[in-house]
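This report refers to the structure that appears directly beneath it.
Start at 1 and go down the list; that is how both ligands and their atoms are numbered. Nothing here was measured: the structure is a model prediction, and the numbers come from that model.
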Amino acid sequence: MSQKYWDERFETMPENRMRDFQLQKLKSQLQYVYDTNQLYRAEFERQGIRPDDLGSLSDLGKFPFTVKKDLTETYPYGMSCVDRKELARIHASSGTTGKPALGLYTQADLNQWTECMARALWAQEVRPESVFQNANGMGLFTGGMGFLQGATRIGCSIVPSGTGMTERQITLMRDLGVTAITCTASYIQTIFERAQNMGVDLRELPLKSGHFGAEPWTEEMRSEIEARGGFRAYEHYGLTEMMGPGVAFNCENYALHINEDHVFPEIVDPETLEPLSEGERGELVLTALQRQAMPLIRYRTRDIGRIYRQKCECGRTLITMDKVMGRTDDVMIISGVNVFPSQIESALVTFECVEPIYQIRLRKKGYSDSIIVETELKSGCEESQSEPHEELSRKISEKIRQIVGIKAPVVILPHNTIPRSSGKAKRVLDERGTK
Ligand code: DLL
């Protein structure tokens, strides 16, 4: 029988011992950034705080935050704590405008990341005998290399298929007996659709697990993927600045455990920036406990959620977080209500006849914003669909009203009109600047 945990010591460490471990790492990490990075030293001094002011974990709240602007303004190496020759890898986040935020790694950082990924994949049924298809972008995006490293460490047979060329992805999946696939939850929709056109039923293949992340996807979407694919759909959460995927992962019960021996989580109120208690909703703030090249202190992720300890049946004691359903910067305010694209997804996925593929047009209506939701009928539903489109869109609109609390017109487009995604889906088209 194979072992249950990849790294039992840390994955099942009692809470008090984990807290001692974190405190010790935090102390040395604060001292390290103070000694090796001018920006951190200057900022600590400006705020009149010294590394040895940290006596307990809650004292971390006295230290300054790091924000994305700190990384872009000091691009490329301003946040580095090591000599240039120590850098082993450089990734970049997927931001589309301006300078990217970089992720810098020493070889030791890469090793830690690999361990975090192996831990996550092991918890999700991936084993040395797995045939692991990596359909994440294999470049600056951390998804490709992160999963590659973790699956390599476990010893899987890896198919580094990258993104796109969907028919070939499906052919490989079928011919090679792929048992595990990783990509975005939106790209697996594209794969499902194309497989159906090719007459391939993924449920008949040996696929056991899908590993998704990099964008919000709802619980409803998880059920839809599992029903359509015949495999379990697991979550990965992470961001380039903190290492990439590997920050948090689903266990077999779908609890999203944080690798808290590497990443220390806090939740703060995004307005007042005051620390919130476990269980309260706010912005996730992360501190890298063991990294060398770019160990960010109190990094504001902009992701919204909660963290809480729960006794998980899987036996892991690692703290858990909510599935991230939105960022402070992608919230739309419609008729005074905060709306996240993922809430629209929750409504759409309850309708069997529409694809969980959608886009939201954000427009100006007088002084306020309004949205139009566009989706498509599933292929094959045109004939079986007995009710007129107007009736269906009215029902979806009503569902959105029930879930989100706002009225939004829904347009049902012909099949294959909305651009398919092979990476992170672009859900919102901001048309407020155009007529
Ligand atoms: O998306 C890293 C990653 C790759 C995670 C593959 C999981 C799987 P970035 O491109 O830097 O890194 O984007 C990070 O994506 O702050 C979240 O807003 C969002 N995000 C990542 N994972 C999830 C998730 C990668 N599971 C940003 N659910 C993060 C919701 C996610 N949002």
Side-chain angles (χ1 to χ4, degrees), residues 66-68 71-72 90-97 99-105 113 116-117 119-121 124 132 134-151 162-163 180-188 209-222 225 233-250 254-259 263 265 270 283-286 288 294 296 299-306 320-331 340-343 345-346 421-428:
T66 311
V67 293
K68 190 158 191 167
L71 277 69
T72 52
I90 299 163
H91 281 279
S93 76
S94 46
T96 46
T97 51
K99 293 197 173 130
L102 300 182
L104 310 176
Y105 309 74
W113 183 22
C116 287
M117 286 308 294
R119 218 186 247 189
L121 290 173
Q124 303 173 351
F132 188 88
N134 187 350
N136 282 314
M138 288 287 176
L140 289 170
F141 176 55
T142 49
M145 301 293 259
F147 281 92
L148 176 75
Q149 289 159 209
T163 57
I181 181 161
T182 175
C183 58
T184 55
S186 47
Y187 189 46
I188 200 74
S209 57
H211 310 266
F212 307 110
E215 60 182 6
W217 55 298
T218 55
E219 282 299 341
E220 291 83 357
M221 179 75 97
R222 190 202 303 274
I225 293 174
Y234 293 108
E235 172 113 35
H236 292 259
Y237 166 82
L239 50 156
T240 313
E241 302 91 309
M242 295 305 299
M243 79 171 128
V247 172
F249 62 95
N250 270 162
Y254 297 141
L256 193 50
H257 292 278
I258 302 178
N259 275 319
V263 180
E283 180 177 340
L284 183 62
V285 169
L286 301 173
M294 199 182 83
L296 299 184
Y299 185 63
R300 289 185 58 190
T301 63
R302 305 266 168 197
D303 292 324
I304 298 166
R306 297 180 306 154
T320 52
M321 63 184 267
D322 273 350
K323 213 165 165 12
V324 169
M325 281 300 128
R327 297 172 52 79
T328 51
D329 39 18
D330 68 14
V331 62
F340 291 103
S342 55
Q343 293 174 295
E345 179 179 304
S346 308
S421 138
S422 63
K424 293 180 194 249
K426 186 165 169 47
R427 304 293 193 195
V428 179

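- Interatomic distance, Ile90 CD1 to Thr240 OG1, rounded to the nearest 0.5 Å: 13.0 Å.
- Less than 4.0 angstrom separates some heavy atom of Gly238 from each of these atoms of ligand 1: 2 (C), 5 (C), 12 (O), 14 (C), 21 (C), 22 (N), 25 (C), 29 (C).
- Here is the list of ligand 1 atoms found below 4.0 Å of a heavy atom in Ser93: 11 (O).
- Among residues two or more places apart in sequence or in another chain, the ring pair (Phe, Tyr, Trp, His ring centres under 6.0 Å) test is passed with His257 by none.
- An N or O contact shorter than 3.5 Å links His236 to ligand 1 by distance.
- Evaluated by nearest non-hydrogen atom to atom 9 (P) of ligand 1, the leading choice among Thr240, Asp303, Asp330 is Thr240.
- The side-chain hydrogen bond (donor to acceptor under 3.5 Å, both in side chains) test with Asn136 is passed by exactly one of Thr142, Thr184, Thr182: Thr182.
- With rounding to the nearest 0.5 angstrom, the CD1 atom of Ile188 is 4.5 Å from the CZ atom of Phe212.
- Only the side chain of Phe141 comes within 4.0 Å of ligand 1, counting heavy atoms alone; its backbone N, CA, C and O stay farther away.
- The structure places OH of Tyr299 at 5.5 Å from CG of Leu71, a figure rounded to the nearest 0.5 Å.
- In summary, the atoms of ligand 1 found under 4.0 Å from a heavy atom of Gly213, numbered by their order in the structure, are 7 (C), 8 (C), 26 (N).
- When heavy-atom distances to ligand 1 are checked against a 4.0 Å cut-off, Leu239 comes that close through both its backbone and its side chain.
- Rounded to the nearest 0.5 Å, atoms CD (Glu345) and CD (Glu219) are 10.5 Å apart.
- Listed by chain and residue number, His91, Trp113 satisfy the ring pair (Phe, Tyr, Trp, His ring centres under 6.0 Å) test with Tyr105 (two or more places apart in sequence, or in another chain).
- When heavy-atom distances to ligand 1 are checked against a 4.0 Å cut-off, Thr142 comes that close only through its side chain, counted from C-beta outward.
- One finds the CD1 atom of Ile258 at 8.5 Å from the OH atom of Tyr237 (value rounded to the nearest 0.5 Å).
- Contact annotation: Lys424 has at least one heavy atom less than 4.0 Å from an atom of ligand 1.
- Under 4.0 Å from ligand 1, not a single heavy atom of Arg302 appears.
- Backbone and side-chain nitrogen or oxygen atoms of Pro245 are examined, and none is located within less than 3.5 angstrom of a nitrogen or oxygen of ligand 1.
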